[in-house]
Amino acid sequence: MARKILITGGAGFIGSHVVRLFVNKYPDYQIYNLDALTYAGNLENLKDIDQAPNYHFIKADIVDAEVLNRLFEEHQFTDVIHLAAESHVDRSITDPLAFVRTNILGTVNLLNACRATWKGHFTDRLFYHISTDEVYGTLGETGLFEETTSYDPNSPYSASKAGSDHFVRAYGETYGLRYIVTNCSNNYGPNQFPEKLIPLFINNVRHNKPLPVYGDGKYTRDWLFVVDHALAIDLVFHKGKQGETYNIGGFNEWQNIDLIKVLIKQMDEKLGREPGTSEKLITYVTDRPGHDRRYAIDAGKINRELGWKPSVTFEEGLSQTIDWYLANEQWMNSVTSGDYQKYYQAMYASR
Ligand code: NAD
Ligand code: DAU
């Protein structure tokens, strides 16, 4: 039977790269992008493929169980790749319930829709859940997150993602649903909403606005180019083993302040400014509450078992990302109009 894959959150940052890859690479699959088009979802992200015969868009909210059940009955999806989520840690600190609704309730609604419509198919259909390294909590100066690391989430965002991961595994154990979970590190690349560090700082450098560095700036993240994450998702979807977890990361740790200096160096060069000019924009601000000190992924399992590794270096990926933002000012203007200004004021005026 031809595959009819439901990709949730496909109008968002990572989801749009996954949808594009699957639509282009697998013309025999029917790809259904289900997205509520929140502030983070933007159909502009997919305008290059939205006329493809194997692409279908459904505007729907995963919090609405009735609508989901109807859609599953109507379309008979054969697989789910679940990315839809509230994804920004800072927003989870101001509105945790929005994260409980979408990330936990929304995931359980999807699992229930699979349970109801996949009878007799639990072994040949797949629920692939996209999660984050943040569920593991924070690391000290050494060590890496492994697939066996205990969950220890610290923010409402990571607690909601941990909850959703637990439900996916519970449905596997209890009802026999075929599932895989991947936990990935920080992504960066084209189409990321400018509330996250890299696109926010690209936009602010461009417009000579302050660069709000939280706390001492020595927080560490492991950065992965979004296209490499999409390629990993493709590989896991096709070759991953039932019930397994795979960590995905860039083998690429940076303290925030060092990353910011590389970003400034590249941007000053591309904007024709004197080297280091934009460093004066760095502004240390009040820290994020409960800020995790360090994340670092051991991506050895996916590398050994499925042969995946990142394809671009950080400097290359960052350069491509900056070029994309500089060439797509219209995209930036459209996503930063309206509510974005209110968000920015509320988030940074008090810091
Ligand atoms: P994003 O915020 O850019 O996109 C989320 C998408 O989900 C948007 O298109 C939004 O409209 C949609 N959405 C939100 N609530 C919805 C709802 N109730 N119903 C239907 N659609 C809804 O997020 P992202 O950065 O692309 O992250 C995608 C997934 O990957 C998330 O599950 C996130 O937890 C995970 N993840 C992200 C990163 C990262 O660095 N960005 C790293 C690891 C894992
Ligand atoms: O690790 C994976 C996670 O990465 C994903 O699950 C999340 O969806 C994604 O948002 C991201 O979470 P982070 O909180 O790590 O990303 P963010 O871009 O918000 O912040 C990166 C680091 O930069 C973090 O240490 C906080 C800091 N920061 C962030 C912003 C927005 C600043 O210093 N200033 C800022 O203005």
Side-chain angles (χ1 to χ4, degrees), residues 7-19 33-43 45-46 58-64 67-68 81-93 98-99 101-103 105-107 109-110 129-136 145 155 157-158 160-161 164-165 182-189 191-201 204 210-224 226 229-230 233 248-249 254-257 259-260 282-288 291-297 335 344 347-348 351:
I7 300 183
T8 68
F13 167 49
I14 302 171
S16 60
H17 289 272
V18 175
V19 166
N33 169 17
L34 182 152
D35 199 297
L37 299 181
T38 69
Y39 76 93
N42 188 348
L43 289 177
N45 294 346
L46 290 165
I58 302 170
K59 184 171 187 307
D61 188 335
I62 57 170
V63 175
D64 191 335
V67 166
L68 280 189
I81 304 178
H82 177 34
L83 295 107
E86 287 292 340
S87 71
H88 189 36
V89 175
D90 289 329
R91 287 183 191 255
S92 81
I93 295 166
F99 287 68
R101 277 187 220 104
T102 288
N103 298 0
L105 183 57
T107 300
N109 283 341
L110 279 169
H129 182 60
I130 306 299
S131 191
T132 169
D133 60 358
E134 300 203 9
V135 297
Y136 298 123
F145 293 136
S155 71
Y157 164 67
S158 53
S160 69
K161 289 296 290 186
S164 66
D165 296 9
T182 50
N183 296 78
C184 188
S185 65
N186 285 61
N187 286 215
Y188 69 96
N191 306 98
Q192 187 169 30
F193 192 78
E195 62 187 353
K196 309 278 169 70
L197 183 76
I198 289 183
L200 178 75
F201 278 35
N204 285 12
L211 305 175
V213 178
Y214 296 166
D216 65 2
K218 293 189 175 159
Y219 293 84
T220 301
R221 298 289 183 267
D222 169 356
W223 293 91
L224 178 67
V226 64
H229 188 187
I233 289 172
I248 305 171
W254 288 86
Q255 281 194 351
N256 291 340
I257 192 64
L259 179 153
I260 290 160
I282 292 175
T283 310
Y284 287 91
V285 299
T286 310
D287 210 348
R288 170 187 281 175
H291 198 169
D292 286 332
R293 191 66 173 165
R294 175 170 167 258
Y295 303 145
I297 279 276
V335 301
Y344 197 88
M347 197 57 70
Y348 292 104
R351 283 187 189 271

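Excluded from the calculations below are hydrogen atoms, water molecules and symmetry mates; all remaining heavy atoms, backbone and side chain alike, are included. All residue numbers in this chain count up from 1 along the given sequence. We count ligands from 1, going down the list as the structure has it; atoms in each ligand are counted the same way.
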Considering only protein heavy atoms, which is closest to [atom], and at what distance to one decimal place?
| atom | result |
| --- | --- |
| atom 28 (C) of ligand 1 | Leu83 O, 3.5 Å |
| atom 18 (N) of ligand 1 | Asp61 OD1, 2.8 Å |
| atom 36 (N) of ligand 1 | Ile14 CD1, 4.0 Å |
| atom 1 (P) of ligand 1 | Ser87 OG, 3.5 Å |
| atom 40 (O) of ligand 1 | Asn187 N, 2.9 Å |
| atom 3 (O) of ligand 1 | Phe13 N, 3.1 Å |
| atom 9 (O) of ligand 1 | Asp35 OD2, 2.6 Å |
| atom 43 (C) of ligand 1 | Cys184 O, 3.3 Å |

In terms of relative ring orientation, are [X] and [Y] parallel, tilted or perpendicular, with 30° and 60° separating the classes?
| X | Y | result |
| --- | --- | --- |
| Phe13 | His17 | perpendicular |
| Tyr39 | Phe193 | perpendicular |
| His129 | His82 | tilted |

Original post:
Where on Leu37 is there a heavy atom closer than 4.0 Å to ligand 1, on the side chain, on the backbone, on both, or on neither?
Top reply: backbone
Which heavy-atom pair separates [X] from [Y] by the least distance, and what is that distance?
| X | Y | answer |
| --- | --- | --- |
| Ile62 | Thr107 | CD1-N, 4.3 Å |
| Gly249 | Leu224 | O-CD1, 4.0 Å |
| Lys161 | Ala85 | NZ-CB, 4.1 Å |
| Asn103 | Glu86 | OD1-N, 2.9 Å |

Under 3.5 Å between any N/O of [X] and any N/O of ligand 1: does that happen in this structure?
| X | answer |
| --- | --- |
| His82 | no |
| Thr38 | yes |
| Leu34 | no |
| Glu86 | no |
| Ala84 | no |

What distance do [X] atom [atom1] and [Y] atom [atom2] have between them, rounded to the nearest 0.5 Å?
| X | Y | atom1 | atom2 | result |
| --- | --- | --- | --- | --- |
| Asn204 | Leu211 | CG | CG | 6.0 Å |
| Tyr214 | Arg351 | OH | CZ | 4.0 Å |
| Ser185 | Ile297 | OG | CD1 | 6.0 Å |
| Asn45 | Asn191 | CG | CG | 4.0 Å |

Original post:
With hydrogens left out, which residues have an atom under 4.0 Å from ligand 2, given that only heavy atoms count?
Top reply: Ser87, His88, Val89, Thr132, Asp133, Glu134, Tyr157, Cys184, Ser185, Asn186, Glu195, Lys196, Leu197, Leu200, Phe201, Pro212, Val213, Tyr214, Tyr219, Arg221, Asn256, Arg288, His291, Tyr295, Tyr348
Original post:
Residues in side-chain hydrogen bond (donor to acceptor under 3.5 Å, both in side chains) with Ser155, at least two apart?
Top reply: Ser158
**OP:** Look at atom 14 (C) of ligand 1 and find which of Ala11, Gly106, Ala85, Ser160 reaches it with the closest heavy atom.
**Re:** Ala85
Original post:
Evaluating non-hydrogen atoms only, which member of Gly41, Ala36, Ala98, Gly9 is closest to atom 20 (C) of ligand 1?
Top reply: Ala36
Original post:
Can we say Asp292 and Arg221 salt-bridge, meaning some charged N sits less than 4.0 Å from an Asp/Glu carboxylate O?
Top reply: no
Original post:
Should Arg91 and Glu195 count as an ion pair when the cut-off is N to O under 4.0 Å?
Top reply: yes
List every atom of ligand 1 that sits less than 4.0 Å from any heavy atom of [X], numbering the atoms from 1 in the order shown and giving each element.
| X | value |
| --- | --- |
| Ser131 | 43 (C), 44 (C) |
| Tyr157 | 33 (C), 34 (O) |
| Ile130 | 30 (O), 32 (O) |
| Asn186 | 40 (O) |
| Ala60 | 19 (N), 20 (C) |
| Lys161 | 31 (C), 32 (O), 33 (C), 34 (O) |

Subject >> Expected output: side-chain Ser160 to main-chain Tyr157 donor-acceptor under 3.5 Å >> reply: yes
Original post:
How far apart are the C-alpha atoms of Asp222 and Phe145, what are their side-chain angles, what is the distance that settles it, and do they pass the side chain to side chain contact (heavy atoms under 4.5 Å, CB included) test?
Top reply: CA-CA 11 Å; Asp222 169 356; Phe145 293 136; over 6 Å; no
Original post:
Judged by modelled atom types alone, do Tyr295 and Glu134 share a side-chain donor-acceptor pair under 3.5 Å?
Top reply: yes
